[in-house]
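Since the structure comes first, as C-alpha cells, the remarks are kept for the end.
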Amino acid sequence: MLELAAANLLSPIVLSFVLGLGAALARSDLSIPEAAAKAMSLYLLFAIGFKGGVSVADHGVDGTLALALIGGIILSAGLPLIAFALLRIVSGLSPTEAAAVAAHYGSISIVTFVAGTAVLEGRGIPSEGYMVAVAAAMEAPAILTALWLVARGAGETRSQGRGELMHEVLLNGSIVLLIGAFVIGWITGPAGLSEIDSFIVAPFKGVLCLFLLDMGIVAGRGMRAGRGVLDRGALAFGLFMPLVGAAAGLAVGLALGMMPGGVALFMVLGASASYIAVPAAMRVALPQVNPAVYLTLSLAVTFPFNLTLGLPLYVTIASALAGGG
Amino acid sequence: MLELAAANLLSPIVLSFVLGLGAALARSDLSIPEAAAKAMSLYLLFAIGFKGGVSVADHGVDGTLALALIGGIILSAGLPLIAFALLRIVSGLSPTEAAAVAAHYGSISIVTFVAGTAVLEGRGIPSEGYMVAVAAAMEAPAILTALWLVARGAGETRSQGRGELMHEVLLNGSIVLLIGAFVIGWITGPAGLSEIDSFIVAPFKGVLCLFLLDMGIVAGRGMRAGRGVLDRGALAFGLFMPLVGAAAGLAVGLALGMMPGGVALFMVLGASASYIAVPAAMRVALPQVNPAVYLTLSLAVTFPFNLTLGLPLYVTIASALAGGG
Amino acid sequence: MLELAAANLLSPIVLSFVLGLGAALARSDLSIPEAAAKAMSLYLLFAIGFKGGVSVADHGVDGTLALALIGGIILSAGLPLIAFALLRIVSGLSPTEAAAVAAHYGSISIVTFVAGTAVLEGRGIPSEGYMVAVAAAMEAPAILTALWLVARGAGETRSQGRGELMHEVLLNGSIVLLIGAFVIGWITGPAGLSEIDSFIVAPFKGVLCLFLLDMGIVAGRGMRAGRGVLDRGALAFGLFMPLVGAAAGLAVGLALGMMPGGVALFMVLGASASYIAVPAAMRVALPQVNPAVYLTLSLAVTFPFNLTLGLPLYVTIASALAGGG
Amino acid sequence: MQTHAAKRVEITIELIMQSRLTRALESAGVTGYTILPVLGGSGRSGAWSRSGQVTRASGMVQVICIIRPEKLDPLLDAAFAVVEPHIGVVTVTDTQVLRAERF
Amino acid sequence: MQTHAAKRVEITIELIMQSRLTRALESAGVTGYTILPVLGGSGRSGAWSRSGQVTRASGMVQVICIIRPEKLDPLLDAAFAVVEPHIGVVTVTDTQVLRAERF
Amino acid sequence: MQTHAAKRVEITIELIMQSRLTRALESAGVTGYTILPVLGGSGRSGAWSRSGQVTRASGMVQVICIIRPEKLDPLLDAAFAVVEPHIGVVTVTDTQVLRAERF
Ligand SMILES: Nc1ncnc2c1ncn2[C@@H]1O[C@H](COP(=O)(O)O)[C@@H](O)[C@H]1O
Ligand SMILES: Nc1ncnc2c1ncn2[C@@H]1O[C@H](COP(=O)(O)O)[C@@H](O)[C@H]1O
Ligand SMILES: Nc1ncnc2c1ncn2[C@@H]1O[C@H](COP(=O)(O)O)[C@@H](O)[C@H]1O
Ligand code: NA
Ligand code: NA
Ligand code: NA
C-alpha cells in the first residue's frame, strides 16, 4: 500500500499537479491560457467518453449497466444528505452554505475520474467501460437534493427558474460531450477507435499531465485566495468527506458485483467533488453563498487529497475486496 | 452506395459533427474556445498542405498540374454565374444578395475538402497531391465574378478599395498557410515528412473529429439563428447547388483525365461553399447584404449536406466514372 | 559546412519560420491565436525540460553539472558587459538603452535552444541532458548586470522594487516550468518518459514547426514595425553579437570538457538573446527605454540569424573542436 | 457632425447570468447591446482573475447598452431585477450618439 | 490632481473594418487609440457571439479614442465615412484626462 | 430608479504593471475595480497588437474603478505614481451608479 502510494505520488501526473501547486503558492506567474485549459478538458472528456463507448461495444453491456446508473444516481442524491449533516455538526457554515457545499460532494469531478482510470490502466486492473456513463449520471442529482435541503429550511430559493436551471445542468457542455463521445465510441466500436487512437489514446497521459499542471495552479491560487474563508471544521470536512463518499461508493460497487476497477471507480466518484457543473448551478440558484467557500473546499482541499492519497487508497481497497469476485 | 453512405454517416468524423449539431440545437452550452478552433484549423491546413506537397515531391508533377489549376479557376469563376441565375429564379433574394451568395458557391470550403481526403484515404482511393493547390486557387476567382455581377447591375460596389480587397483575399491566412505548407512539403519531401509525421499524420483524423464537433456547433447555432432569414427557394438552392457544382467538378476532372480521387476532389471543391474567405470579402465589399443570408446557407445547409450525404455520393460517382481510367 | 547549412535551411522547422516571416512581410493576416502560441510554448518547455531530466536520470550526473551551472551564470552575467561596450561604440543608443539591450544578449532564448537540440538530434550528436538547467540558470544574471550598469551611470533605476523584480524574474512561468519539468523527468526517469513519450517526444518537432511559424510572423511584424527604430550600428550589433556570445560559449564549453553537443548548446545559449523574461523585466525597471529597440534586435534580427545560419555554424564548430574529446 | 443625447448603461455581471440579463433587457424593449469580456476584478466578494478558471462559476462580462434617455427607467428596472441578488456593478453615463435613428 | 477636458469616442465596428477605421483615424490626425475585444452583442442585424466563430466575417471590436475637444469633428467625419455603410455604434462622452500634453 | 453620482476612472496601462497598479489602488482605499483585456492600440510609442505577442513585455489592460467623487483624489495620486514613468492613459468620467452603498 505505501509502496503503491509512493508510486502514485511519483508519477508524472501527480508531480505535474504538484509543480502547478508549488508555482502558484510561490506566486510564480506560470499560467495556462484559459482557452488551452478548456481545450484540454474537452479533449480529455472526448477521449475518455469515446474509449468508454468502444469498450462497451467491445465487451457488450452486461446487465449491470442499468443498475450501475441507478446506483450512481442514488449515491449522488444521497451523499449530500450525509455531507449536509456532517457540515452542520463540524463547521460554522450556515444551512444554505452547507447545502451548497453538500451538492458538490454528491456530484463528481470528472478529472479525478480520469486520473483514476489512468491509475487503473497503469496497474492493469480492468473496469467496466460504461462507468463514464455512470459518472455523467452522477453530475446532477446532488443539485436537486441540495435545493430541496434549502427549500425545506428557509424556502428562499427562487423556484421559478428551477426548470431552466436543470436544463442548463443536464445539457452543460461537459456532460453532453462525455455522453456524446461515449455514444460515438459505442456506435463506431474498435474500428472507429483504430481511426483516431493515435489522437485519443497515445497522447492521453501527456495531456493529462499538462491539464493537471493547470489544476495545480488553480488549486494553489485557491489555497492562497481561500485562506480565512474556511474554518477548521470545514477544512477537516474536505479531507474526511471523500472517505465517506468512497465508502458509500465501495458499498454500491460491491453490492452490484462490479469488477475491481469498477468498484474503485465507484469509490472515486463517491469521493470526488464537483468543480464545474455544481458551482455554476449554485451561483444561479444560491447567489447569496460566497463561491469561495465551495470552490476552495472542492478544488483546494478535496481534489489534491483525492489525486495524491485518495486514488491509491481506493484502488488498493477495491482490488483487495473485489479482487476475488 | 447506400452501404457506403451508411459507413460514412457512422464514421467518428461525421458523428462528431452530428454531436455538435445536436448540442447546439438542444441549446447546450458546449463550445470550443475560439482560439482552440482556430488552432485546429491552422493545424489541418498545415497538415493537408504539407502532405500534398510531399506527395508531389514523391510522385512528381505530371503535366496536369497547370491544367488542373486553370480548370479550378474556371470552375470557381464560372459557378457563381450558374448560382446567381438559379437564385434569381428560385429565391426571393435581391440581385446583390444573390451575387453575394453566388460568390460563396464558386469558392470552396477547405474543411469539406479535408473531410473528402479523409474519406478517400479511408477507402484507399488515390488522388493527385497537388489538389490542395487547386483548392487554394479556387478561393478567390468567384469573388471577382460576384463583384462583376453586382457592378453590372446597379454599379453600387465601391471599386476604389478593389485592389486592397483582392490583396486581403489572396493573402488571407488560410491560403497563405495552405500554399506555404504545400511548398514546404514539396521542398522537404518524404524526408521532411518523416521528421514530423507523428504530428501531422497520426493525430490528423482525431483533430478533424474535434474540429467537426465545433463546426457542428456552429452549424447548429446558424440553423437556430438563421431561421426565418431564408425562404424555401433559398433553402432548396443550398441543397441543389452542391449537386450542380459537383457535376461541373466531375466534368472538369474527367476532362483532365484525373485519377478517381482527383475527380472526386474536383467534385467536392465544386460542391462546397466558402465560409471563411468569401464572407469576409463580402462584408467589406457588399456591407448592405445581411451576412446571415450567406452564412446560414453555406454553414447550416450546404456544409452539413456535403459532409453527410454529398461526400459518399461524389466519391462513389467518381470511382465509377473515373475508375477505369 | 555549406551542405549542412543548406540542410538546416531546408528543414521543415526553418522553412516554417520563413513562411511566417514571409506572410508577415507580405502583410497577410495569417496569425496564430495568442492562447495557442502560449500553449505551444508551454508544451515545448515542458517537453524539453522533462527530456533533459530523464536523460540525467538515465546517464547520471557527472561532476560537470555544478561547473556548467556556474559557467552559464558567469556567461550570462559577463556577456552584457561586452554587449554594452560594443553598443556604445557602434550604435547611437544611450547608455540606458544600451544596458537594456545588453541584458537581452546575456540572457538566452529558449526557443533557439530548443531548435538547437533538434538540430543535434537530427545529426545524432550527444549532449548533456542537464543543459536545460544551465539554460534556466542563464535567464536572470544578465538582468542584474544591466541594472548595475545603469545604476553605475546615472543611478536612475528605482532600486526600491529590485527585490520584487528579481522575484518575478526568477519565478517567471517559463523558468518554473522548465526547471519543474526537468525535476519531474529526473524523478520519474525513463519509466515516466515511457508513460508520456507519445505526447512529448513524437509530436515535438511538428509542434516546433508551428511554433516557429508563429515566431516568423512575430519577427516579420517586428521587422516592419521596427524599421527606423535602429541605426545601422545597432543592426550590425544584432548580427555580430551572437558570434561573440557563441565564441564565449565555446570557450566555456571547451574549458568544462563538455560533449560536442554540450559545447554546441553553450554556444547557442551564448549567442541567443532573450525575448520573454528580459523584456518584461526591462519594462518594469527601465520604462523609459522604448521596447521596440530591444524587441526588434532580439526577435527580428538575432533570432532569425541564429535559427538559419547560426545553429549549423555553432554545431559544426563544436563538433570539430570538441569532437575528438 | 450632428450627435444626439443618449445614456450609456454598463452592467458588470457574472458570466453565468449573462443570458438571463440579455433576455430581461430584450423583454424591456432594449434593442441593442454589446458584451465585453472581463479579465478580472476585485470587489466586496474578493478578487478573481480569468486565467486559470476551470469552472463556469466565476468570470464576469460587461454588458453595454446605448439607449435613448426616455428608455432608461424600464431598462434599469429590468437589469436590477436580474442583478440584485448577484454581485456586479451598474453605471449610467450621459453620452452622445451618431445615427440616433438606430436607438 | 490637475485634469483636462477631453472627449472619449467609442466606436463599435466589425473586426474586418478595424484596419480601415484606424487608418482613417490616423489620416484624420488622431494620434492614439485603444482597441478592446468584443464578446458578442445584439442590434438591428441580430445577435452574434464570438464563441464558435469560424469565419472572419463576423466579430466586432471597440475602438476608443481620447481626444482634445477641438479634434472631435475631424475624427467623427473620418470615422463616419468608414462606419456609415456598416453596422456599428459611435458614442461620444465628455471626460477628463491626466497628462493632457499627450493628446 | 434611484442613482448616485460617482466617478468612473479608466486606466489603460501595460500588462506588466497591472499588479503594481492594483496594489497601489488597494492601498489608496479603492475597494473595487474591473480589468478589461485590450487587443491593441496606438500611441506616441507606436502601434501594437496582441496577436502574435510572444513576450510578456507588451500588452495592455484597462482598469476601471467606479468610486465616490470624494475618493477621486487619493485614487488619482496612487494611480499616477505607478503610471507616471510608463506609457498609458487615465480618464475620469462623471457617471451614476445603482446600489451606491457598495462604493
Ligand atoms: N468600484 C468598482 N469599480 C469597478 N468594478 C467594480 C467595483 N466594485 C466591484 N466591481 C466589479 O464587480 C465585481 C463584483 O464586485 P462585488 O459585488 O463588490 O464583489 C468585481 O469583481 C469587479 O469586477
Ligand atoms: N444600442 C446599442 N447599445 C450597445 N451596442 C449596440 C447597440 N446597438 C448595436 N450595438 C452593437 O453594434 C452591433 C451591430 O448593431 P446593428 O448595426 O444594430 O446590427 C451589435 O451587435 C452590438 O454589438
Ligand atoms: N488618445 C488615446 N486614446 C486612446 N488610447 C490611447 C491614446 N493614446 C494612447 N492610448 C493607449 O495607450 C497606449 C500607449 O500610449 P502611448 O503612451 O502614447 O504610447 C496606446 O497603445 C493605446 O492603447
Ligand atoms: Na462525490
Ligand atoms: Na464550390
Ligand atoms: Na545569450
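FYI, side chains are in, hydrogens and waters are out, and symmetry mates aren't considered; it's all heavy atoms of this structure. In what follows, chains are A, B, ... by sequence order, proteins preceding strands, each numbered from 1.
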> For A:Ile32 and A:Leu210, which heavy atoms make the closest approach, and how far apart are they?
Replying inline: CD1-O, 4.3 Å
> Which answer fits A:Leu19, side chain, backbone, both or neither, if we ask what part of it has an atom under 4.5 Å from a heavy atom of chain C?
Replying inline: side chain
> chain C: which of A:Ala35, A:Ala26, A:Ala23 shares the most heavy-atom pairs with it under 4.5 Å?
Replying inline: A:Ala26
> Contact part of C:Ala36 toward chain A, heavy-atom cut-off under 4.5 Å: side chain, backbone, both or neither?
Replying inline: neither
>> Testing the basics here: between C:Ala140 and C:Leu170, what is the closest heavy-atom pair and its distance to 0.1 Å?
In response: CB-CD2, 3.7 Å
> If every non-hydrogen atom of C:Ile196 is compared with every non-hydrogen atom of A:Cys209, which pair is closest and at what distance?
Replying inline: CG2-SG, 4.0 Å
>> Give me the atom names and distance for the closest heavy-atom approach of A:Ile13 to A:Ala118.
In response: CD1-CB, 4.1 Å
>> Is A:Leu208 close to chain C through its backbone or its side chain, or both, or neither, when contacts mean heavy atoms under 4.5 Å?
In response: neither
>> If you define the side chain from C-beta out and look only at heavy atoms, does anything of A:Leu44 sit under 4.5 Å from A:Phe204?
In response: yes
>> If you compare all heavy atoms of C:Val169 against all heavy atoms of C:Ala281, which two are closest, and at what distance to 0.1 Å?
In response: CG2-CB, 3.8 Å
>> Can you list everything that forms a ring pair (Phe, Tyr, Trp, His ring centres under 6.0 Å) with C:Phe113? Sequence neighbours excluded, please.
In response: none
All inter-chain donor-acceptor pairs under 3.5 Å (chain A, chain C):
from     : atom 1 : to       : atom 2 : distance (Å)
A:Ala26  : O      : C:His167 : NE2    : 3.3
A:Ser28  : OG     : C:Leu171 : O      : 2.6
A:Asp29  : OD1    : C:Gly173 : N      : 2.6
A:Ala202 : O      : C:Ser198 : OG     : 2.7
A:Lys205 : NZ     : C:Glu195 : OE1    : 2.8

> Between A:Val201 and chain C, which part of the residue has a heavy atom less than 4.5 Å away: side chain, backbone, both or neither?
Replying inline: neither
> Heavy-atom distance under 4.5 Å to chain A: side chain of C:Ile200, backbone, both or neither?
Replying inline: neither
> Nearest heavy-atom pair of C:Leu269 and C:Ala135: which atoms, and what distance?
Replying inline: CD2-CB, 3.8 Å
> Do C:Leu30 and C:Ile217 come within less than 4.5 Å of each other through their side chains, counting heavy atoms only?
Replying inline: yes
